[in-house]
Amino acid sequence: MKKLGRLLTAMVTPFKESGEVDYEQAKKLALALLNVGSDGLVLAATTGESPTLSWEEEMSLFTEVKSAVGERGSIVAYTGSNSTAEAVEATKGAEKIGVDACLLVVPYYNKPTQEGLYQHFKTIAQSTSLPCILYNVPGRTITSLSADTAIRLSRIDNIIGVKEASGNLGQISKIITEAGENLLVWSGNDNDTFHILAVGGYGVISVASHLVGKQIKEMIDNFLLGKVTEAADIHNRLLPLIDALFIVSNPIPLKYALNQIGFKVGKPRLPLVEADEKTAAQIREILKNYKIDLKV
């Protein structure tokens with residue numbers, strides 16, 4: 001299996017002024033992110049505004065970005081849904097395109113039991129040969145994937161990891177301890193990455209790496225080399241920027257920041273709206289304090 005990498009960027013989906021997906025700008029952004037520290041990209045997930053992308057747009061995005069990236073970095077396709085059948089269909093489609101892995105979110109709105117979650121993810125994994133990464137983000141899905149269910153799912157060969165955005169370090173530690181190498185744990189919250197590395201986590205699926213990818217990569221590398229103090233210093237220095245990127249719903253602040261530094265990604269799709277002036281002013285002020293790695 002291809003190594004996906006420790007630093008994956010959950011990439012925004014650029015839109016044109018007309019509101020259509022800007023595939024050319026998506027390819028440009030993908031390559032730029034790989035140039036500044038990202039090992040791979042997660043496409044069409046939360047930061048990529050999956051709720052307002054059609055399946056056709058998502059498949060086109062996977063195709064276009066994969067064609068641009070080639071073997072330079074890994075491509076993880078978000079194919080999750082609260083409908084198991086839809087997730088199976090999307091995952092099969094992404095596999096045909098040639099992506100390297102898929103990201104599968106905990107079903108939202110219908111509030112399944114833990115047994116329902118197990119059967120949901122098992123069914124999708126058995127429909128594909130792609131490596132599958134589970135995505136636990138209870139702040140958006142309400143339902144949380146329990147440690148016991150994640151550990152149980154780790155016994156399925158092609159379920160290889162979990163993006164953990166629960167913020168529950170006790171749960172995350174239990175998964176790491178009991179699942180071991182069967183389940184890699186990527187942080188799903190930038191402000192948790194250092195702590196998750198400290199309890200044995202693997203890496204991060206990052207939002208902030210759009211702006212400071214080299215610095216996040218340096219933090220991870222320092223930690224792995226045993227330079228824990230240096231890693232902690234970078235973590236602490238980046239926290240105000242990370243916090244600013246989540247003062248309202250992601251990716252509203254990030255898209256504003258990218259547009260502000262000259263990397264045009266358009267505005268979010270409704271029901272998300274552009275940053276209001278108060279939010280925009282906060283982001284402009286925080287950007288003054290940081291070296292931005294992304295090259296326009």
Side-chain angles (χ1 to χ4, degrees), residues 1 4 8 10 42-59 61-62 74-97 99-168 170-172 174-176 178-189 201-202 205 250:
M1 182 188 77
L4 302 176
L8 305 176
V42 178
L43 302 179
T46 306
T47 309
E49 298 181 70
S50 60
T52 51
L53 293 176
S54 70
W55 286 120
E56 291 76 17
E57 287 174 323
E58 292 188 9
M59 294 300 153
L61 186 65
F62 303 156
S74 56
I75 299 296
V76 180
Y78 173 87
T79 57
S81 173
N82 63 342
S83 163
T84 306
E86 282 192 5
V88 166
E89 182 181 357
T91 302
K92 287 180 176 179
E95 182 172 8
K96 289 178 182 176
I97 289 166
V99 302
D100 300 297
C102 62
L103 181 70
L104 305 170
V105 72
V106 167
Y108 39 89
Y109 188 75
N110 41 14
K111 298 176 71 174
T113 63
Q114 292 300 311
E115 180 61 25
L117 294 180
Y118 177 80
Q119 295 298 336
H120 172 80
F121 290 124
K122 178 183 176 184
T123 299
I124 302 167
Q126 288 180 338
S127 75
T128 183
S129 64
L130 286 176
C132 300
I133 302 171
L134 313 176
Y135 181 16
N136 189 33
V137 56
R140 289 182 181 265
T141 64
I142 301 176
T143 303
S144 183
L145 180 71
S146 74
D148 288 339
T149 304
I151 293 161
R152 186 181 173 198
L153 285 162
S154 73
R155 300 181 189 119
I156 297 171
D157 286 345
N158 63 328
I159 294 181
I160 58 99
V162 58
K163 177 185 178 183
E164 249 295 348
S166 68
N168 185 337
Q171 167 166 307
I172 294 165
K174 182 175 181 179
I175 292 170
I176 292 166
E178 297 189 24
E181 294 181 358
N182 288 335
L183 201 69
L184 303 176
V185 176
W186 281 271
S187 171
N189 295 323
Y202 184 70
I205 297 177
N250 176 42

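Basis for what follows: all heavy atoms, side chains included, without hydrogens, waters or symmetry-related copies. All values derive from a computational prediction rather than experimental measurement. The chain is numbered in sequence order, starting from 1.
The two residues S81 and Y108 come nearest to each other via the heavy atoms CA-OH, 3.7 Å. For the residue pair A10 and I205, the shortest heavy atom distance occurs at CB-CG2, 4.0 Å. Closest non-hydrogen pair, A147 versus K174, comes out as CB-CD, 3.8 Å. Of all non-hydrogen atoms in N158 and A125, the two that sit nearest each other are ND2-O, 2.9 Å. Scanning both residues, L8 and S74, for their nearest heavy atoms gives CD2-OG, 3.7 Å. Taking each heavy atom of T91 and A87 in turn, the nearest pair found is OG1-O, 2.7 Å.
Interatomic distance, L53 CG to L43 CG, rounded to the nearest 0.5 Å: 10.5 Å. A distance of 13.0 Å separates NE2 of H120 from OG1 of T149, quoted to the nearest 0.5 Å. Atom CG of D157 is separated from atom CG of N182 by 8.5 Å, given to the nearest 0.5 angstrom. The CG atom of L153 sits 11.0 Å away from the CG atom of D148 when rounded to the nearest 0.5 Å. Note that OG1 of T79 and CE of M59 are 7.0 Å apart. Values are rounded to the nearest 0.5 Å. Rounding to the nearest 0.5 Å gives a distance of 9.5 Å between CD1 of I133 and NZ of K163.
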Evaluate I151 against R155 for side-chain contact (heavy atoms from CB on, under 4.5 Å), listing each step before the verdict. CA-CA 7 Å; I151 293 161; R155 300 181 189 119; 4.0 Å; yes

Before you tell me yes or no, could you show the steps for L61 and Y78 under side-chain contact (heavy atoms from CB on, under 4.5 Å), namely the whole-Å CA-CA distance, both residues' side-chain angles and the distance that decides it to 0.1 Å? CA-CA 11 Å; L61 186 65; Y78 173 87; over 6 Å; no

Evaluate side-chain contact (heavy atoms from CB on, under 4.5 Å) for L117 paired with R152, printing each intermediate quantity in order. CA-CA 11 Å; L117 294 180; R152 186 181 173 198; over 6 Å; no

Checking Y135 against T46 for the side-chain contact (heavy atoms from CB on, under 4.5 Å) test, could you report, in this order, the C-alpha distance in whole Å, the side-chain angles of both residues, the deciding distance, and whether it holds? CA-CA 10 Å; Y135 181 16; T46 306; 3.0 Å; yes

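In this structure a side-chain-to-backbone donor-acceptor pair under 3.5 Å is present from T141 to V137. Here the side chain of Q114 pairs a donor or acceptor atom with the backbone of S144 at under 3.5 angstrom. The backbone N or O of P112 sits nowhere less than 3.5 Å from a side-chain atom of N110 that would complete a donor-acceptor pair. Under the 3.5 Å distance criterion, the side-chain polar atoms of N136 are left unmatched by any main-chain donor or acceptor of S166. Listed for the D100 side chain is a donor-acceptor partner under 3.5 Å among the backbone atoms of I75.
Between E95 and S129, the side chains place a donor N or O and an acceptor N or O closer than 3.5 Å (distance only, hydrogens not considered).
Considering only heavy atoms from C-beta on, I156 stays 4.5 Å or farther from F121 through its side chain.
K111 meets the side chain to side chain contact (heavy atoms under 4.5 Å, CB included) test with I142, T143; sequence neighbours excluded.
Using a 4.0 Å cut-off between charged side-chain N and carboxylate O, E115 and K122 make no salt bridge.
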